[in-house]
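The structure presented is a predicted model; accordingly, all values stated were derived computationally and were not measured.
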Amino acid sequence: MARHLITSALPYINGIKHLGNMVGSMLPADVYSRYLRQRGHDVLYICATDEHGTPAELAAKEQGLPVADFCAQAHDAQKAVYDGFALAFDYFGRSSSTQNVEITQHFARRLNENGFIEERAIRQVYSPTDGRFLPDRYVEGTCPHCGYDKARGDQCENCTRVLDPTDLINPRSAISGSTDLEVRETKHLFLLQSKLQHEVEAWVARHEDDWPQLASSIARKWLNEGLHDRAITRDLDWGVPVPADTWPELAAEGKVFYVWFDAPIEYIGATKEWADLDPANRDWKSWWYDVDTDVRYTEFMAKDNVPFHTVMFPATELGVREPWKKVDYVKAFNWLTYYGGKFSTSQKRGVFTDQALEILPADYWRYFLIANAPESDDSSFTWEHFTATVNKDLADTLGNFVNRVLSFSRKRFGDDVPAGGQPGEAETKLGEQIAELLAEYESHMESLQFRKAAAALRALWSAGNSYLEEKAPWLEIKTDKEGAALTLRTAMNLIHLYAVVSEPFIPATSAAMRQAFSLADDTSSWVTADEARALAAVPAGTPFTVPPVLFAKLTDEDLQAYKERFGGEPGQ
């Protein structure tokens, strides 16, 4: 059985992330990791904060903190939110770690030895007003390709084209807004991607048919346009230092590596961080080095990160001429929009993850986001849609089923699962239906089709309601008490099944459902097809309790309050 290495795009250190960021990387990676663990696979889910670059420096300056202190505090703040969302990382590291510094510098030295790094004198944007060279992303202007007037000097957010600051029309400093910009000469290191074009093309060709169309089309677009040599150093105080043993002059000038050079390497660095906590029992290289046939590596990211993970980082890995593990499957997502407009960290538009947890528990958000994941196209968050989904799927279909089954059984039969008679035709039909739906759910999870998996899970919940309506134990008990007991025992077994198979989506709710039954040895991690047909995991006589309401229905007053706080459309 293959081991599964899973990474999600590193959240940038500068601020708490919005729901679009959550559903575009970390949450689906967590759902998939949880599912694989339940199925008995050896899984390592790695993520980290991306801490280098000018935004971190500026944010630290605004708060009057040394940048290292700012990043440490921001890392802890982000981790607290992700814990609140029940993201079960095996390790959540930091790109400023000593491990990442060492590995990034190793990669740079090897690329240099192999002829893929070159020192060049370039002309770079300098702002006299700010008294500094401006990193790419702190030059803003109009994109020459699509006309978007807030494009950054490294990439246009609108059309995703990679840019240089000098490409921009009407450039200005993103720090001061000054248009008094000069171009001065400075030296930087370049990664010679042009020399690796054919190798990257061959590597992508071996994988793109297996990737989602979104990921493969973006990678192919980049390759068709041709790979250009890219500067991989910057004039900053904060970052992975250029090693003095290889580039003494640049090191003396304080050059650091470009954040997009060291950030993907942090997947490896964070794994070493994890291993260094328990070196006797953890081997980071067993996941990353010379393991192509043993480890299946899946990356999760939104579409703006795809070029760097399908082209730039693979080029880096190929160029070091060492057997580092490369991604097998890139799960790419489109945008989750807010009433049709972009969520935006910089413009504070949309719902942010810490705010979401202030409003409702994590399972409400986890289910809604995955059930509406922007896989084939952009999807829109609206409070109307969110409220309707919570009420219909979570409160009515699942929560009400659990409550009415357990409450009615306790009222009529006491605090133990009733016995009743032997399963009949209705129970046999239900068992076959549940086994079929479970197989469908498993198939979609295996193929990382999250919206389809959510639909199959919803269908599993609905099957219980249909069975209950068909048998109507509240009527059945008047003429056939044993038959009503059988119906309730079967329904309770459905609740236990739901507890097990819903765990990747709604882990806290699943735990509450499972804990409702006092089973002496409840260690099952999944449900087989035969177990689904039998529906006998919870035998008669098992004590049970009625848990608190699993999901509260949201009212019109709730909807209005949410819209007043966050706005019903972008810009409100």
To the nearest 0.5 angstrom, please state how far the [atom1] atom of [X] sits from the [atom2] atom of [Y].
{"X": "Leu369", "Y": "Leu27", "atom1": "CG", "atom2": "CG", "answer": "6.0 Å"}
{"X": "Leu394", "Y": "Asp363", "atom1": "CG", "atom2": "CG", "answer": "8.0 Å"}
{"X": "Arg366", "Y": "Ile506", "atom1": "CZ", "atom2": "CD1", "answer": "9.5 Å"}
{"X": "Trp365", "Y": "Ile370", "atom1": "CH2", "atom2": "CD1", "answer": "14.0 Å"}
{"X": "Leu227", "Y": "Glu199", "atom1": "CG", "atom2": "CD", "answer": "11.0 Å"}

Heavy-atom pair of closest approach, residues [X] and [Y]:
{"X": "Ala459", "Y": "Leu437", "result": "O-CD1, 3.6 Å"}
{"X": "Leu168", "Y": "Val139", "result": "CD1-O, 3.5 Å"}
{"X": "Ile434", "Y": "Leu497", "result": "CG2-CD1, 3.7 Å"}
{"X": "Cys146", "Y": "Asn158", "result": "SG-ND2, 3.4 Å"}
{"X": "Ala362", "Y": "Gly84", "result": "CB-O, 3.2 Å"}

State whether [X] and [Y] are salt-bridged, where the test is any N-O pair (Lys NZ or Arg NE/NH1/NH2 against Asp/Glu carboxylate O) under 4.0 Å.
{"X": "Glu358", "Y": "Arg565", "value": "yes"}
{"X": "Arg37", "Y": "Asp90", "value": "yes"}
{"X": "Arg39", "Y": "Glu442", "value": "yes"}
{"X": "Lys331", "Y": "Glu299", "value": "no"}
{"X": "Lys325", "Y": "Asp328", "value": "yes"}
{"X": "Glu503", "Y": "Arg34", "value": "yes"}
{"X": "Asp378", "Y": "Lys303", "value": "yes"}
{"X": "Glu384", "Y": "Lys563", "value": "yes"}
{"X": "Glu375", "Y": "Arg451", "value": "no"}
{"X": "Lys553", "Y": "Asp396", "value": "yes"}

Check whether the side chains of [X] and [Y] place a donor and an acceptor atom closer than 3.5 Å, and report yes or no.
{"X": "Thr142", "Y": "Asn170", "result": "no"}
{"X": "His309", "Y": "Tyr267", "result": "yes"}
{"X": "Arg161", "Y": "His145", "result": "yes"}
{"X": "Asp262", "Y": "His52", "result": "yes"}
{"X": "Glu266", "Y": "Ser95", "result": "no"}
{"X": "Thr160", "Y": "Asp304", "result": "no"}
{"X": "Glu557", "Y": "Thr555", "result": "yes"}
{"X": "Gln197", "Y": "Gln193", "result": "no"}
{"X": "Glu273", "Y": "Ser97", "result": "yes"}

Report task. For the pair Asp50 and Arg94, evaluate salt bridge (charged side-chain N to carboxylate O under 4.0 Å, His left out) and give the outcome as yes or no after the intermediate values. Result -> CA-CA 7 Å; Asp50 179 6; Arg94 302 180 59 190; over 6 Å; no
Evaluate the side-chain proximity of [Y] to [X]: yes if any heavy-atom separation is below 4.5 Å, no if none is.
{"X": "Leu163", "Y": "Arg152", "answer": "no"}
{"X": "Thr353", "Y": "Leu19", "answer": "yes"}
{"X": "Leu438", "Y": "Trp526", "answer": "yes"}
{"X": "Met513", "Y": "Val402", "answer": "yes"}
{"X": "Glu140", "Y": "Asp149", "answer": "no"}
{"X": "Leu134", "Y": "Pro165", "answer": "no"}
{"X": "Tyr138", "Y": "Asp130", "answer": "no"}
{"X": "Lys17", "Y": "Met22", "answer": "no"}

Is [X] reaching over with its side chain to a backbone N or O of [Y], donor-acceptor style, under 3.5 angstrom?
{"X": "Trp238", "Y": "Ala56", "value": "no"}
{"X": "Tyr562", "Y": "Thr387", "value": "no"}
{"X": "Tyr297", "Y": "Trp288", "value": "no"}
{"X": "Tyr32", "Y": "Pro504", "value": "no"}
{"X": "Gln78", "Y": "Tyr12", "value": "yes"}
{"X": "Gln449", "Y": "His444", "value": "no"}

Determine, stepwise, if the pair Thr49 / Glu51 fulfils side-chain hydrogen bond (donor to acceptor under 3.5 Å, both in side chains). CA-CA 6 Å; Thr49 40; Glu51 300 189 4; 2.7 Å; yes
Ring-plane angle category for [X] and [Y], please: parallel below 30°, perpendicular beyond 60°, tilted otherwise.
{"X": "Phe381", "Y": "Phe386", "answer": "tilted"}
{"X": "Phe450", "Y": "Phe300", "answer": "tilted"}
{"X": "Phe308", "Y": "Trp260", "answer": "parallel"}

Other residues, nucleotides and ligands only: do more than 12 of their heavy atoms fall within 6.0 Å of [atom1] on [X]?
{"X": "His198", "atom1": "NE2", "answer": "no"}
{"X": "Gln433", "atom1": "CD", "answer": "yes"}
{"X": "Lys326", "atom1": "NZ", "answer": "yes"}
{"X": "Lys221", "atom1": "NZ", "answer": "yes"}

Residues at least two apart in sequence or cross-chain that pass ring pair (Phe, Tyr, Trp, His ring centres under 6.0 Å) with Tyr367, listed by chain then number, are Trp461
Sorted by chain and number, sequence neighbours left out, ring pair (Phe, Tyr, Trp, His ring centres under 6.0 Å) with Phe92 holds for His75, Tyr82, Phe89
Sorted by chain and number, sequence neighbours left out, salt bridge (charged side-chain N to carboxylate O under 4.0 Å, His left out) with Arg3 holds for Asp294
### Lys NZ or Arg CZ of Arg234 over Tyr258 ring: under 6.0 Å, within 45°
yes
Would you sort out whether Tyr338 and Thr382 count as a side-chain hydrogen bond (donor to acceptor under 3.5 Å, both in side chains), showing the intermediate values? CA-CA 6 Å; Tyr338 184 72; Thr382 70; over 6 Å; no
